[in-house]
There are 2 protein chains.
Amino acid sequence: MSELENVSVAVSPRDKFGEYLSTRNKRLTRERELVLEQVFSSHEHFDREELVATLTARTDGRRVSRATVYRTLQELERAGLLRKVARANGRDVFEHDYGYPQHDHLICNECGKLIEFPATEISKVVAEVSAAHGFRQRGHRLEVYGMCDECCRPPEGRHPKLDMI
Amino acid sequence: MSELENVSVAVSPRDKFGEYLSTRNKRLTRERELVLEQVFSSHEHFDREELVATLTARTDGRRVSRATVYRTLQELERAGLLRKVARANGRDVFEHDYGYPQHDHLICNECGKLIEFPATEISKVVAEVSAAHGFRQRGHRLEVYGMCDECCRPPEGRHPKLDMI
DNA sequence: CTTCGTGCAAAACCTTTGCATTAAA
DNA sequence: TTTAATGCAAAGGTTTTGCACGAAG
């Protein structure tokens with residue numbers, strides 16, 4: 001109950017994952033490293049299929065199978081490195097849940113864009129409500145749906161949807 | 001742009017659905033009525049499978065097929081009578097989105113319970129944030145996860161999970 | 001050695017769809 | 001009659017799993 005606590009800052013995703021794994025007698029394999037690397041190579045949102053497409057297409061010795069990608073994503077979620085933020089086209093959308101400020105999303109139903117905004121205000125309200133119910137809150141997910149700025153004014157330039165391709 | 005507006009209060013789900021349907025040359029069939037009736041017979045949350053189980057099991061002439069249940073749920077969503085509030089066990093969880101005050105949920109990861117709370121505070125913040133981003137907000141969904149009151153104190157009486165059966 | 005992880009293909013799930021039949025308007 | 005909806009079974013798409021083989025400790 002002491003040295004396991006200081007996992008706060010300056011620990012890389014890789015280290016955090018390694019710690020999570022060793023705690024439960026699991027191994028930081030080459031494949032898990034490859035998934036980790038790909039996932040944390042950018043801050044973009046992604047879904048399983050996109051990641052699988054990238055990792056199974058590799059021709060060098062760095063290919064990772066679909067099954068392993070799926071299994072590793074589960075571990076990354078449990079390790080607190082990833083979280084599901086939304087659903088699009090019947091797929092879960094993932095994002096980093098570590099080393100990145102808490103935020104929520106505005107989701108445009110027209111073009112599918114995700115707009116992030118700081119969760120500060122929301123978190124306060126969530127904390128209050130949880131306390132009032134004796135609920136041990138561990139996190140939240142807020143999706144606001146509607147239509148984004150750009151999609152609101154279509155008769156201008158080209159069609160909004162074309163911007164997504 | 002006049003008599004279509006007063007759909008506010010005192011209109012039954014059935015009437016609202018009927019109006020929605022007739023607007024687009026669709027029909028309020030016997031099957032759709034059966035689904036509607038079942039869905040609005042209580043305020044409980046439910047998923048597709050539960051509803052299908054009930055409606056396809058009937059032996060009297062009131063059976064509704066799986067395909068029709070799925071199709072009708074889509075219509076009810078579009079009509080503004082139902083909405084998806086969460087995901088559990090890989091299934092969408094539905095609830096009434098009409099004739100019921102706006103609220104959000106605390107979701108217990110231990111026993112699966114959904115605890116509702118008024119969305120008033122959250123809605124205010126959501127409106128502010130949306131305005132600041134020029135986002136035409138049409139609704140939101142907030143899930144707070146953690147552990148509920150009861151599941152926090154297990155060493156008492158029987159095991160919390162047993163209460164759910 | 002012993003345990004854990006990977007890759008493959010099959011299986012399991014959930015949801016959608018084509019089509020012939022039946023029911024509304 | 002004309003158009004829409006139903007039910008079934010088949011197809012689609014995503015995720016999980018059993019198992020033999022390979023890798024890590």
Note: with side-chain heavy atoms under 4.5 Å as the link, the other cluster members for B/Y145 come out as none
Test salt bridge (Lys or Arg N to Asp or Glu O under 4.0 Å) on B/K113 and B/E150 and set out the steps. CA-CA 10 Å; B/K113 195 179 4 176; B/E150 291 171 26; 3.6 Å; yes
Nearest whole Å is fine: how far is [N] [atom2] from [X] [atom1]?
{"X": "B/E33", "N": "D/dA4", "atom1": "CD", "atom2": "C1'", "result": "16 Å"}
{"X": "B/E77", "N": "C/dT16", "atom1": "CD", "atom2": "P", "result": "10 Å"}
{"X": "A/L28", "N": "D/dA23", "atom1": "CG", "atom2": "P", "result": "17 Å"}

Protein-nucleic acid N or O pairs under 3.5 Å, nucleotides 10-15 of chain D:
unit_1	atom_1	unit_2	atom_2	d
D/dT14	OP1	A/R91	NE	2.9
D/dT14	OP1	A/R91	NH2	2.7
D/dT15	OP1	A/R48	NH1	2.6
D/dT15	OP2	A/Y70	OH	2.5

With [X], which residues qualify under side-chain contact (heavy atoms from CB on, under 4.5 Å), at least two apart?
{"X": "B/D60", "answer": "B/R58, B/R62"}
{"X": "B/T29", "answer": "B/R27, B/E31, B/R32"}
{"X": "A/T56", "answer": "A/V52, A/R63"}
{"X": "A/A119", "answer": "A/Q102, A/D104, A/S123, A/H140"}

Can you give the donor-acceptor pairs under 3.5 Å from side chains of residues 70-81 of chain A to other protein atoms, not counting sequence neighbours?
unit_1	atom_1	unit_2	atom_2	d
A/T72	OG1	A/T68	O	2.7
A/E75	OE1	A/Y20	OH	2.9
A/E75	OE2	A/K26	NZ	2.9

So which protein N/O to nucleotides 2-6 of chain C N/O distances come out below 3.5 Å?
unit_1	atom_1	unit_2	atom_2	d
C/dT3	O2	A/R27	NH1	3.3
C/dT3	O2	A/R27	NH2	3.0
C/dC4	O4'	A/R27	NH1	3.1
C/dC4	O4'	A/R27	NH2	3.3
C/dG5	OP1	A/R27	N	3.4
C/dG5	OP1	A/R32	NH1	2.8
C/dG5	OP1	A/R32	NH2	3.2
C/dT6	OP1	A/T29	OG1	2.9

Here the ring pair (Phe, Tyr, Trp, His ring centres under 6.0 Å) pairs for residues 104-139 of chain A, sequence neighbours left out, are A/H45-A/H105, A/H103-A/H105
Residue pairs meeting salt bridge (Lys or Arg N to Asp or Glu O under 4.0 Å), one or both in residues 41-50 of chain B, sequence neighbours left out, come to B/D47-B/R91, B/R48-B/D92, B/E49-B/R66
Residues 135-149 of chain A vs salt bridge (Lys or Arg N to Asp or Glu O under 4.0 Å), sequence neighbours excluded, gives A/R141-A/E143
Overall bend of the helix from C/dC1-D/dG25 to C/dA25-D/dT1 (five pairs an end, 10° steps) is 30°
